[in-house]
Each structure stands twice: as structure tokens, then as C-alpha cells.
Amino acid sequence: MNWAQQLLHWYDANKRDLPWRRTKDPYAIWVSEVMLQQTRVETVIPYYHTFLGRFPDPAALAAASEEVVLKGWEGLGYYSRARHLQAAARQIVERYGGQIPADPDRFRSLPGVGPYTCGAVMSIAFALPEPAVDGNVCRVFSRFFGWSDPVGSPSLLRQARQASQAQLDRLPRERIADWTQALMELGALVCLPRSARCEDCPLAADCVALQDGTVEALPVRKARKENPVIRRDALLLTDDQGRLLLHQRPEEGLLAGMWELPSLEEMLAQQETFSLGETWSSPEGTRALQKGQIVIDRSEPRQFRHVFTHLTWIVDVYPARWSAGDVTTARQAVTEMTEGAIRENTTPYGEKGKTALRPCMWSTSEDRSRLPMNRLTRNILKHYGMI
DNA sequence: CAGGCGTGGGC
DNA sequence: TGCCCAAGCCT
């Protein structure tokens with residue numbers, strides 16, 4: 001047996017029983033591939049079942065509101081994946097009658113479908129000989145062939161695709177899907193980033209890195225930049241009916257379109273353009289703020305920390321109460337409630353000069369269970385008993 | 001092409 | 001605790 005046959009043989013005996021390996025539905029396989037981008041298998045499994053139950057085919061996904069789709073993705077992260085998936089589903093309904101095109105060029109042109117996802121779906125769902133090179137495959141080949149190109153570099157990707165393609169071209173059709181998954185499965189179970197299990201590897205006899213003693217050194221990784229720390233503040237403003245003021249983030253960028261606590265800094269930044277009691281931007285169907293005033297809790301704000309891939313937030317949360325009363329303009333209300341209470345050096349919303357008004361709403365408990373929020377906001381609301 | 005874009009688990 | 005990651009894509 002050559003090394004490719006040994007790998008397939010190993011896969012036959014050691015492959016995991018994963019939900020997306022029990023279906024031939026190209027749509028379901030596609031959904032799993034998108035969810036698995038930069039995300040662990042154990043994390044994905046419950047989302048996979050829920051999402052497919054709610055959106056069983058491209059037509060169902062295309063017909064849903066973005067809010068419901070985002071809610072189905074809540075907690076998974078990288079939320080543009082969900083938007084792209086839905087946008088692609090809509091194109092599939094319009095252009096291809098709701099069927100995933102069994103055509104690499106057409107599928108690849110859909111939003112959110114890159115080289116890896118295209119190759120994975122085409123090979124796994126349609127047995128087309130398209131290479132699918134992800135982080136696992138790069139690592140396996142980097143070690144097996146002793147390639148020292150950095151992870152993610154075009155040269156490593158190109159070589160890995162070429163190596164996979166060379167095998168695909170020699171495989172019978174019924175082994176195409178297995179080949180794609182066998183490479184990744186080896187990376188996930190044996191050829192691990194750290195503490196590789198070379199003693200269990202079906203390719204050990206031919207592995208350059210194992211013979212050279214460079215398994216732990218490969219693949220070469222670039223040094224990571226330091227995470228900036230961003231100081232923020234958030235207003236936990238409730239009224240006498242238990243409603244909570246929420247704010248929707250901009251349509252683009254970090255946590256796009258998701259709901260969170262409004263920022264005192266943002267209110268300060270926008271005080272020239274609206275007043276709290278009169279013209280607060282409000283999406284259709286939500287309740288505008290009534291005239292009243294804010295009473296802020298002057299005790300020390302509680303602090304929450306949230307770490308993203310590329311930055312860290314430290315958020316001071318200020319509990320406050322909205323009560324009916326005299327008309328209070330934003331300038332008066334915000335100036336009064338922040339004076340001596342708000343910390344300095346926090347960062348306003350609308351980074352990079354975008355200061356467009358975003359929708360705010362008084363949310364009921366029911367609203368808060370329905371609206372998509374990120375993990376930090378969920379944690380804050382849970383801490384204060386708001387969900 | 002380098003950087004933006006989430007989250008939770010392992011060590 | 002802090003750091004590294006895990007089945008990428010987009011700009």
C-alpha cells in the first residue's frame with residue numbers, strides 16, 4: 001500500500017461518527033462546513049442539529065429573517081458566516097431552484113464560500129475531485145513532506161492543494177469524499193498541533209518531520225500581535241416595568257447587527273443630534289423613549305472583561321433607572337448622570353468615525369430572549385437577572 | 001496581503 | 001491566569 005491507501009485504510013477503521021457524516025444532503029454538509037470554520041467539533045454539534053431543524057433546506061433559510069438566523073448562530077461567533085450563509089441560500093433559491101450547484105465555479109462564487117469550503121462540499125457531497133485544504137491538511141502535509149512554509153502562506157496552501165489533487169486524480173469516485181475527510185481526520189485525531197500521536201500514525205513510516213525530529217516545530221507559525229485592550233462603558237437602564245434599554249450594533253464590523261447595552265459615551269457623542277425624550281432613533285415597531293429622566297446608580301460600576309481573537313474589552317456597567325417626570329434633554333440627562341460617575345478613556349461606539357444613529361429599544365423579557373446578543377451581553381444580563 | 005472577525009477548551 | 005488554538009473568508 002502507498003501512503004494514500006494507508007491513510008484511507010486508517011480512516012475506515014478510525015473515523016468518528018459525526019452527525020454530518022450520516023447525511024448525503026449537500027445543504028447539510030455545507031452548513032456543517034461553515035459552522036466548523038475555526039470552530040471545534042464539540043461546539044458545532046448542538047448548533048448543527050438546531051440550525052437544520054429550524055432551516056432544513058436553502059428555501060427555509062432564504063425565507064427567514066436575518067434576526068432569526070443570527071439568533072440561531074448566537075454563541076458560535078464569526079457572525080458574518082451566518083449572514084453569508086443566508087445570502088448564499090437566497091442566491092441558490094433564485095438562480096439554482098433551491099439546489100446546491102454541483103459545480104465548483106458556481107458554488108465558489110457564493111458569499112462565504114472560499115477555496116476550502118468549496119472543495120469540501122464538492123468532494124464530500126458530490127464526489128468531485130476538488131481539494132479541500134484547511135489547517136489540519138496544512139499541518140499534516142507540512143510535517144509529512146517537511147515543508148517549512150508558514151501556516152496560511154500562499155506557498156504552503158498551493159503545495160498542499162497540489163499534493164491532495166494528485167491523489168484525488170488517482171482515486172475512484174467512491175473514495176473522493178473519504179480522502180477529503182481522512183486528511184482532516186488524521187489532523188484532528190493523530191497529527192495534533194501539540195503532542196502529536198506519531199505512534200498511532202498510519203503515515204509514520206514515510207513522515208519527513210518524524211524522521212527529522214521536527215514534528216513539534218512544524219508547521220511554522222508566525223508570531224502573533226499583541227491584543228489591544230479597549231475600555232468601554234455600558235448603561236443598564238431599566239424602567240418601572242422591568243424593560244431594559246438595548247442598542248443594536250452597526251450593520252458591519254464587530255458583532256454586526258447584534259444587540260447590546262447602550263453606551264454612555266455614545267449618548268454623549270450623539271447629544272447634539274437628538275434628545276432622549278423626543279427623537280431617539282427607533283426602528284419600526286419598537287417603542288420610543290418617553291419623556292422622563294435617568295437616575296444613575298452612583299456606586300462603583302461592575303467590570304466585565306471579554307477577550308476576542310484580536311482585542312480585549314473591559315466594560316464598566318452602570319445600572320440606572322428611567323423614571324417618568326420632567327422633560328430632560330439628552331445633554332442634561334447625560335451630563336448629570338455621568339458627572340463624576342463615568343470613567344475616563346472609554347471608547348465610544350461607531351469606531352472609525354461612523355457615528356450614525358443605531359436603533360435603540362425598550363426590551364421586554366420576551367424581546368431579550370428573541371434578540372441576538374453576543375456572549376458578553378448575555379453574561380452581563382444574566383448577572384443582573386435580566387434574562 | 002495583513003488584519004478583522006467570536007468563542008470556549010486545554011494546558 | 002494567560003496563551004494557544006479550531007474544518008476560513010473577506011477586504
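Letters A, B, ... are given to chains in the order of the sequence lines, protein chains preceding strands, and every chain is numbered from 1. Values below: all heavy atoms of this structure, side chains included; hydrogens, waters and symmetry mates excluded.
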Report task. Output yes when Asp12(A) and Arg175(A) qualify as a salt bridge under the 4.0 Å nitrogen-oxygen rule, no when they do not. Result -> yes
Requested in this report: Taking only the side-chain nitrogens and oxygens of Arg81(A), find out if one of them lies under 4.0 Å from OP1 or OP2 of dG6(B).
Outcome: no
Query raised in the report: Counting any heavy atom closer than 4.0 Å, what does Arg224(A) reach on the DNA or RNA strands: base, sugar-phosphate only, or nothing?
Result: base
Requested in this report: I would like to know whether Arg378(A) and Glu74(A) meet salt bridge (charged side-chain N to carboxylate O under 4.0 Å, His left out); could you show each step before the answer?
Outcome: CA-CA 10 Å; Arg378(A) 285 277 162 216; Glu74(A) 186 186 85; 3.2 Å; yes
Report task. May I ask you to say whether Asp367(A) pairs ionically with Arg370(A), meaning some side-chain N is under 4.0 Å from a carboxylate O? Result -> yes
**Report entry** Candidates dG8(C), dC10(C), dT7(B) - which lies nearest the side chain of His306(A)
**Finding:** dT7(B)
Query raised in the report: Between Tyr78(A) and dA6(C), is there a side-chain N or O to OP1/OP2 distance below 4.0 Å?
Result: no
Requested in this report: Identify whether any heavy atom of Gly152(A) sits under 4.0 Å from a base atom; if not, whether one sits that close to sugar-phosphate; answer base, sugar-phosphate or nothing.
Outcome: nothing
Requested in this report: Could you check which of dG8(C), dG3(B), dG6(B) has an atom nearest any side-chain atom of Tyr116(A)?
Outcome: dG8(C)
Requested in this report: Remember a base hit wins even if backbone is also touched, and classify Gly253(A) as base, sugar-phosphate or nothing at under 4.0 Å, heavy atoms.
Outcome: sugar-phosphate
Report task. Just call it for Val41(A): base, sugar-phosphate, or nothing, with non-hydrogen atoms closer than 4.0 Å on any strand. Result -> base
Query raised in the report: Leu18(A) near the nucleic acid: base, sugar-phosphate alone, or nothing, with a heavy-atom cut-off under 4.0 Å?
Result: base
Report task. Please determine if a side-chain N or O atom of Lys222(A) lies less than 4.0 Å away from the OP1 or OP2 oxygen of dA2(B). Result -> yes
Query raised in the report: Which residue lies toward the 5' end of DNA chain C, Pro111(A) or Pro193(A), if each is placed at its nearest nucleotide?
Result: Pro193(A)
**Report entry** Spacing between Trp313(A) atom CH2 and dC5(B) atom C1', to the nearest angstrom
**Finding:** 12 Å
Query raised in the report: In whole angstrom, what separates Asp134(A)'s CG from dA6(C)'s P?
Result: 11 Å
**Report entry** Among dA6(C), dT7(B), dC1(B), the nucleotide that comes nearest once only the side chain of Pro154(A) is considered
**Finding:** dC1(B)
Query raised in the report: Atom CE of Met258(A) and atom P of dT7(B): how far apart are they, to the nearest Å?
Result: 7 Å
Query raised in the report: From the list dC10(C), dG6(B), dG8(B), which nucleotide is the closest neighbour of the side chain of Arg40(A)?
Result: dG8(B)
Query - Gap in Å between the two C1' atoms, one belonging to dA6(C) and one to dC1(B), rounded - result: 22 Å
**Report entry** Whichever of Glu42(A) and Lys225(A) has its nearest DNA chain B nucleotide further upstream toward 5'
**Finding:** Lys225(A)
Report task. Answer with base, sugar-phosphate or nothing: what part of the nucleic acid does Leu255(A) contact at a heavy-atom distance below 4.0 Å? Result -> sugar-phosphate
Query raised in the report: Taking OP1 and OP2 of dG4(B), is either one under 4.0 Å from a side-chain nitrogen or oxygen of His310(A)?
Result: no
Query raised in the report: In whole Å, what separates the P atom of dG6(B) from that of dT11(C)?
Result: 14 Å
Query raised in the report: Rounding to a whole Å, what distance do you find between Arg375(A):CZ and dG9(B):C1'?
Result: 13 Å
**Report entry** Sugar-phosphate, base or nothing in reach of Arg139(A), heavy atoms under 4.0 Å
**Finding:** sugar-phosphate
Report task. Tell me what Thr39(A) touches on the nucleic acid: a base, only sugar-phosphate, or nothing, going by heavy atoms under 4.0 Å. Result -> base
Report task. Under 4.0 Å between any heavy atoms, over every strand shown, what does Val113(A) touch: base, sugar-phosphate, or nothing? Just pick one. Result -> sugar-phosphate
Query - Pair Arg21(A) + Glu185(A): basic N to acidic O under 4.0 Å - result: yes
Query raised in the report: Do Pro19(A) and Ile45(A) come within less than 4.5 Å of each other through their side chains, counting heavy atoms only?
Result: yes
Report summary line: When rounded to whole Å, the CG to C1' distance for the pair Asn379(A) and dG8(B) reads 12 Å
Query raised in the report: Taking only side-chain nitrogens and oxygens of Thr117(A), does any of them come within less than 4.0 Å of OP1 or OP2 of dC9(C)?
Result: yes
Query raised in the report: Taking CG from Leu110(A) and P from dG8(C), how many angstroms apart are they, rounded to a whole number?
Result: 19 Å
Requested in this report: Measure from CG on Leu183(A) to P on dA6(C) and round the result to the nearest Å.
Outcome: 16 Å
Query - Salt-bridge criterion met for Arg231(A) and Asp316(A) (N-O under 4.0 Å) - result: yes
Report task. With heavy atoms under 4.0 Å as the rule, sort Trp73(A) into base, sugar-phosphate or nothing. Result -> nothing
Query raised in the report: dC5(C), dC9(C), dT7(B): which one has an atom nearest the side-chain heavy atoms of Tyr79(A)?
Result: dT7(B)
Query - Residues Arg194(A) and Glu216(A) bridged, charged N to O under 4.0 Å - result: no
Query raised in the report: Over how many whole Å does the gap from Leu311(A) atom CG to dC5(B) atom P extend?
Result: 7 Å
